[in-house]
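Read through the structure below, which is laid out as structure tokens, and then see the notes.
As a basis for the values below, the full set of heavy atoms in this structure was taken, side chains included, without hydrogen atoms, waters or symmetry mates. Throughout, protein chains are lettered first and strands after them, A, B, ... in sequence-line order, and every chain is numbered starting at 1.
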2 protein chains.
Amino acid sequence: MARWRDEHGKALTDYERPSVAVDTAVLTVDGDRLAVLVVPGRGTRPMLPGTFLHPGERLRDAARRALAGKAGLHDVAFAQLEMFDDPKRDHRGWVLSMAHAAAVPRDRLPADALLVPIFEGSARERLEYDHDAMVRLAVAKLRRQYAEHVDPARFLGETFTVLELRRLYETVFGRTFPKDTFRRHVLDGLENTGAMSVVGGGRPAELFRRSGVPLPSAAVAAFDHNPG
Amino acid sequence: MARWRDEHGKALTDYERPSVAVDTAVLTVDGDRLAVLVVPGRGTRPMLPGTFLHPGERLRDAARRALAGKAGLHDVAFAQLEMFDDPKRDHRGWVLSMAHAAAVPRDRLPADALLVPIFEGSARERLEYDHDAMVRLAVAKLRRQYAEHVDPARFLGETFTVLELRRLYETVFGRTFPKDTFRRHVLDGLENTGAMSVVGGGRPAELFRRSGVPLPSAAVAAFDHNPG
DNA sequence: TGAATAGTGTCTATTAGACATTATAAG
DNA sequence: CTTATAATGTCTAATAGACACTATTCA
């Protein structure tokens with residue numbers, strides 16, 4: 001049983017340790033709205049899926065476990081957001097929670113998943129605990145990622161048209177983008193497949209795939225900055 | 001004594017909980033070099049100041065306590081970086097560590113503080129544990145902050161010339177900036193005091209203070225992007 | 001043919017970066 | 001005067017954003 005003294009000579013006994021939890025804001029694009037996956041809370045407010053860290057487990061594995069159990073989700077990539085450490089944040093006791101972000105295409109979520117829409121960077125509905133703040137951080141992180149790379153969360157399939165990509169970006173950033181400027185901004189991050197989209201009513205659009213090349217810093221600034 | 005079950009019915013007993021620590025990368029500008037504050041390690045490698053989280057304590061308060069004790073430092077602002085959670089990262093047992101970043105002017109550090117210079121975003125010397133990675137994150141965070149605001153850590157005094165500010169930015173970013181372009185980039189974040197610097201050998205420079213206005217996104221891109 | 005959508009060319013205002021010029025000090 | 005540094009003006013190439021035009025499909 002581990003027991004030692006820290007550099008001040010204070011004995012660190014086991015019963016003084018906090019519980020460590022993880023909570024995950026899973027963002028998705030539902031139609032033309034950004035939304036966050038929630039689970040029913042104990043009261044009226046929904047909450048983010050989460051769990052306690054098991055002995056020897058890594059945080060991302062705990063987050064993975066929580067999503068597998070509560071949402072039937074597998075192979076999700078996580079990003080750490082922030083450790084929420086208010087000693088009074090959980091009525092059950094001293095629980096630190098590491099907030100995580102993930103982004104998953106709608107069709108990989110269960111059809112009956114509970115989704116709360118995002119409006120102006122926040123969940124439209126009040127969530128349990130400090131989960132509202134977690135959602136805000138997750139949205140900000142998603143936007144930063146989308147400003148730097150083309151659809152890194154793969155909300156779209158392997159190939160897509162510039163129009164589909166622009167609609168996606170308008171959903172993620174909650175604003176519109178001019179079509180010609182947008183095209184020039186993202187073109188560096190795209191690779192033309194040669195194939196054409198089969199649509200009706202107009203000239204067929206070129207199908208692109210992600211090239212993996214980061215978007216130029218000018219594009220990053222244009223996306224991340226507010227409409228104007 | 002706290003004890004409850006998580007959502008899977010698994011009993012969470014205290015002895016299954018990790019110890020939680022904080023480590024802080026305190027960055028400073030020492031002459032014309034960026035450097036990180038370290039303390040002697042148990043072996044040959046130095047390490048970042050850190051401590052274990054005390055019961056009911058907040059992470060930033062633990063970080064504050066560690067710096068007050070080990071470096072006589074007070075009133076330091078912290079930013080969370082990342083939770084390091086490899087179960088094997090600490091030979092003493094299961095210790096999660098929340099890495100923090102801080103930036104403190106050299107003259108607020110003890111004269112005999114141990115400083116390891118930063119070179120190309122990393123400590124020039126190998127540090128204990130995973131503290132090298134923490135330093136890299138801290139440097140990246142500092143640069144992001146400096147790209148967005150004028151000297152937010154106040155390495156310079158209340159007033160300064162554009163030349164002093166440029167020298168500071170060259171130190172923080174480890175690259176040079178053209179003097180006229182730099183001036184135009186930062187001018188939005190400055191307020192002219194009307195006073196002049198008293199120097200010898202040339203036209204006196206105007207003294208500015210921070211205006212608090214964020215730098216334009218074009219400037220952010222110019223700073224954050226690599227030399228070119 | 002017209003309607004609809006995709007892709008590109010052009011124009012203008014802005015601006016980064018390079019360079020030159022003027023301004024103000026000391027010796 | 002010369003020398004040194006600060007501040008600003010000018011020029012050029014790049015480009016964001018607006019707008020228009022051309023291209024390719026379907027009805």
Side-chain angles (χ1 to χ4, degrees), chain A residues 32 147-148 150 156 159-170 173 175-209 211 213-228, chain B residues 32 147-148 150 156 159-170 173 175-209 211 213-228:
Chain A
D32 64 345
E148 285 167 9
V150 169
L156 300 178
T159 66
F160 44 84
T161 67
V162 174
L163 176 60
E164 290 167 334
L165 187 64
R166 181 159 54 92
R167 296 266 179 265
L168 171 63
Y169 270 68
E170 293 182 338
F173 287 91
R175 48 166 297 206
T176 61
F177 294 105
K179 75 164 196 164
D180 39 14
T181 304
F182 179 84
R183 183 186 182 86
R184 275 163 236 196
H185 275 152
V186 296
L187 219 49
D188 281 0
L190 297 179
E191 218 173 67
N192 200 322
T193 63
M196 294 296 206
S197 80
V198 266
V199 291
R203 174 174 171 175
E206 297 167 0
L207 279 173
F208 294 89
R209 69 170 67 88
S211 71
V213 176
L215 298 178
S217 60
V220 174
F223 288 143
D224 233 336
H225 203 257
N226 278 349
Chain B
D32 64 345
E148 285 167 8
V150 170
L156 300 177
T159 65
F160 45 84
T161 67
V162 174
L163 176 61
E164 291 167 335
L165 186 65
R166 182 159 55 92
R167 295 266 179 263
L168 172 63
Y169 269 68
E170 293 182 337
F173 286 91
R175 48 166 296 206
T176 60
F177 294 105
K179 75 166 200 162
D180 40 13
T181 304
F182 179 85
R183 182 186 182 87
R184 275 163 235 195
H185 276 153
V186 296
L187 219 49
D188 281 0
L190 297 179
E191 219 174 65
N192 199 323
T193 63
M196 293 300 206
S197 80
V198 267
V199 290
R203 172 174 172 176
E206 298 167 357
L207 278 172
F208 294 89
R209 68 170 66 89
S211 72
V213 176
L215 298 178
S217 60
V220 174
F223 288 143
D224 232 336
H225 203 258
N226 278 349

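Rounding to whole angstrom units, CD of residue A:E164 and C1' of C:dA6 are separated by 13 Å. Put simply, NZ on A:K179 is 16 Å from C1' on D:dA16, counting in whole angstrom units. The distance between atom CD of A:E206 and atom P of C:dA6, rounded to the nearest whole Å, is 11 Å. In this structure, CG of B:L190 is placed 11 Å from P of D:dA7, rounded to the nearest angstrom. The CZ-C1' distance, from A:F223 to D:dA16, rounds to 12 Å in whole Å. In this structure, A:L187 atom CG and C:dG7 atom P are separated by 10 Å, rounded to whole Å. Going from atom CE of B:M196 over to atom P of C:dA23 covers 14 Å, rounded to whole Å. Between the CG atom of B:D180 and the C1' atom of C:dT22 there is a distance of 14 Å, given to the nearest Å.
For the pair B:E206 and B:M196, the minimum side-chain heavy-atom distance is below 4.5 Å. At least one side-chain heavy atom of A:F160 sits under 4.5 Å from a side-chain heavy atom of A:L190.
Place B:P178 and A:P204 on DNA chain C by their nearest nucleotides, and A:P204 ends up nearer the 5' end.
At a cut-off of 3.5 angstrom, counting only N and O atoms as typed in the model, there is a donor on one side and an acceptor on the other between the side-chain of A:R203 and the base of C:dA6.
Ring orientation note: the planes of B:Y169 and B:F223 are tilted relative to one another, at an angle of 30° to 60°.
Test A:L187, A:V213, A:L165 against A:V150 for side-chain contact (heavy atoms from CB on, under 4.5 Å) and you get one pass: A:L165.
Under a 4.0 Å N-O distance rule, the pair B:E164/B:R167 does not qualify as a salt bridge.
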Under 3.5 Å, which protein N or O atoms sit close to an N or O of nucleotides 14-16 of chain C? Give each pair with its distance.
unit_1	atom_1	unit_2	atom_2	d
C:dA16	O5'	B:H185	NE2	3.4

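B:E170 contributes a side-chain N or O that, together with a main-chain N or O of B:F177, makes up a donor-acceptor pair within less than 3.5 Å.
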